[in-house]
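Throughout, protein chains are lettered first and strands after them, A, B, ... in sequence-line order, and every chain is numbered starting at 1.
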Protein chains: 2
Amino acid sequence: MPDAGSQHPDAYSDTERQIFDAALQEFARKGRDGARMQAIADAADINKAMLHYYFRSKERLYDEVFAFSMRRFMAAFGESLGAAPTFRETLRVFIDGYVDFIRDNRAVMQLMVSENLAGGSALGRHLRRMQEAEHALPPRVLVERIEAAVDAGEIRPVDPHHTVLSVISTCLFFFVTEPTVRVIHPAARADWSEFVDARKEHLFDLIYHGLARP
Amino acid sequence: MPDAGSQHPDAYSDTERQIFDAALQEFARKGRDGARMQAIADAADINKAMLHYYFRSKERLYDEVFAFSMRRFMAAFGESLGAAPTFRETLRVFIDGYVDFIRDNRAVMQLMVSENLAGGSALGRHLRRMQEAEHALPPRVLVERIEAAVDAGEIRPVDPHHTVLSVISTCLFFFVTEPTVRVIHPAARADWSEFVDARKEHLFDLIYHGLARP
DNA sequence: TCGCATGTCAACCATTTGGTTAAAACAAAA
DNA sequence: TTTTGTTTTAACCAAATGGTTGACATGCGA
C-alpha cells in the first residue's frame, strides 16, 4: 500500500518523523487536551525534552500535526478521483480510493473528527485560509462531477452538496466507530479488512442505485 | 421538543443534574482524559468538592455519564421507529425521529464518538453487557424491518446489516462534523436547523431510491 | 587535534490536576 | 432549642503535567 503524498512533511529528520507519528497517534486518540507529552515521547522512544527541542510546545506540535494532516486529508479527495468515462465508474473509483486512503490513514481522520468534537477552532482557521488561497475546497471536485452527471442526465437531479456529504459520511463513519462496529457486526469482528472490502461494494451499490435514473 | 426518556437518571437531585449535564458536555467535547473536573464544576456552578461528594472520582463520573448516555442512545433506535404500514414510511419516520433525537442530544452522540476514538474500552464493556442481558442490541429492530421488507419484495435484496450502518452513518456524520459542515456548506452556515430539515429530505430520497426495486 | 554546531538526556521547576479535609451552613426532626 | 444528618465551601495536598536547564555526547570541517 504505497502512500500518495508522504506521511510526514518532507524536510523531517528521522527523529522528527518518529515524534510526528507518535504525536499524530496520541492526538488522534486522546484529542488536543487529552494527549500527554510524556506519552508521545514514550511512543516515539525519545526523551521528553526532544519534543520541545524540535517542536517548542504542545500547542505548536499540535498545530503542525493538524495542519499537515488536514492538507493530506483534503488532498485525498482529488487523489481518489480518477478520470473515468461514466459517472458510475467515477463513483466506484472514488469510493474505492477514498476508503483505502482512510484505511491506511485512520489516525488522520480521527484527528479531523477529534477537532470537530472539540469545536473545530483550528479547523475553521485552516479551512478558511485554504478557501481564501484556493478559492474553493477540495470536495468541490466531487461536487462538480455530480453536477456534470446530473446535467448529462446520467443520474437523477439531486443536490450535489448534500450528495457529496452523504458519500463521505458513509465512507468515513464506519471507520470512526470501528470499535463499535467490531462488537456489533459479526463479519467485521471476524475479519476487518474483508469487511472493509465488502463495505465498498455495499456503498457503491446503495449510492449508485440511490442516484441512478429510475 | 419533548424528551422521550429523561435527560438524566431519575433519582437525581437538582445539584446532581447540574453536574451530570455539565459533565456530559465537557466529556463530549474534550473526551475522557481531556475533560477537566474544574471546568465541569464551573459549568455546573458549584464547588469542585461537590463533584467528589456526589460522584467519588472522575472515573466514576465518566462511567455514570457514559453508561446513562449509551442506554439513551441505544433506546433512541426503538423510539425513532414507529409502526408504519410500508417500508417507505418506516424509513421516513425513522430518519425523521432519529435525526431529531441527535439534534436534541448532540452531546450524547459526541460522547459515543469520543469513546470510539479513544479505543472504546468502556463502550465494549457496556455493549457486551447489553448483548448478554438482552440477547441482541437495539439496532436489531431496524435490521429486522429491512429483512422483512426484502422478504416482502418491497425493496431490493440488500445486506440488512450494511444497510443499517449506512443509514446511521448518514444520519449521524453531519452532526459529528458540524463545525466543518458549517464552514463548507453555504446553506448550513446560514441556518443550521433548516439545513437539518433539508438533510432529512435528501437522506430519505437517496436511501429510499438506493433500496427501492428498479 | 581543536572548535563548533547539532542532538540527546537526566534532573529540575512552576503550574495544574484530581482529590481530601475540616469546618461551616442548612434543614428537619426531637 | 437542641440534635442529627445532609449539603456546601475554602483551604489544602500529593501527583502529574508542560516546559526548562545545564551537562554531555557526537559528528565534522578546519
Quick one: is [X] getting a side-chain N or O under 4.0 Å of the [N] phosphate, OP1 or OP2?
{"X": "R36(A)", "N": "dA16(D)", "answer": "no"}
{"X": "R56(A)", "N": "dG19(D)", "answer": "no"}
{"X": "H52(B)", "N": "dG19(C)", "answer": "yes"}

Determine the contact category for [X]: base if any of its heavy atoms lies under 4.0 Å from a base atom, sugar-phosphate if only primed atoms, P, OP1 or OP2 are that close, otherwise nothing.
{"X": "Y54(A)", "value": "sugar-phosphate"}
{"X": "A39(A)", "value": "nothing"}
{"X": "A41(B)", "value": "nothing"}

Given atom [atom1] of [X] and atom [atom2] of [N], what is their separation to the nearest angstrom?
{"X": "R60(A)", "N": "dT20(D)", "atom1": "CZ", "atom2": "P", "result": "11 Å"}
{"X": "N47(B)", "N": "dC12(D)", "atom1": "CG", "atom2": "P", "result": "14 Å"}
{"X": "Q38(A)", "N": "dC13(C)", "atom1": "CD", "atom2": "C1'", "result": "15 Å"}
{"X": "R32(A)", "N": "dT17(D)", "atom1": "CZ", "atom2": "P", "result": "19 Å"}
{"X": "F55(A)", "N": "dG19(D)", "atom1": "CZ", "atom2": "C1'", "result": "16 Å"}
{"X": "E26(A)", "N": "dT17(D)", "atom1": "CD", "atom2": "P", "result": "10 Å"}
{"X": "I46(A)", "N": "dA10(C)", "atom1": "CD1", "atom2": "C1'", "result": "14 Å"}
{"X": "D33(A)", "N": "dT16(C)", "atom1": "CG", "atom2": "C1'", "result": "13 Å"}

Legend entry - Main-chain N/O of F175(A) paired with R106(A) side-chain donor or acceptor, under 3.5 Å: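 Flag set: sc R106(A) to bb F175(A) pair under 3.5 Å.
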
Legend entry - Minimum heavy-atom distance L123(A)-E115(A), with the two atoms named: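 Reported closest heavy-atom pair: N-OE1, 3.1 Å.
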
Legend entry - For the student: nearest non-hydrogen atoms of Y12(B) and F20(B), plus distance: CE2-CD1, 3.4 Å

Inset, instruction - Return the 5'-most residue of the pair S13(B), K48(B) with respect to DNA chain D, ranking by each residue's nearest nucleotide. - result: S13(B)

With respect to the side chain of [X], which nucleotide from [options] is positioned closest?
{"X": "A49(B)", "options": "dT20(C), dG19(D), dT17(D)", "answer": "dT20(C)"}
{"X": "Y53(B)", "options": "dT8(D), dG19(D), dC9(C)", "answer": "dT8(D)"}
{"X": "T15(B)", "options": "dG19(D), dG19(C), dT8(D)", "answer": "dT8(D)"}
{"X": "M50(B)", "options": "dT17(C), dT7(D), dA10(D)", "answer": "dT7(D)"}
{"X": "M37(A)", "options": "dG19(C), dG19(D), dA10(C)", "answer": "dG19(D)"}

Inset, instruction - Considering only NZ, NE, NH1 and NH2 on the basic side and carboxylate oxygens on the acidic side, decide whether R128(A) and E132(A) come within less than 4.0 Å. - result: no

Inset, instruction - Considering only NZ, NE, NH1 and NH2 on the basic side and carboxylate oxygens on the acidic side, decide whether E134(A) and R129(A) come within less than 4.0 Å. - result: no

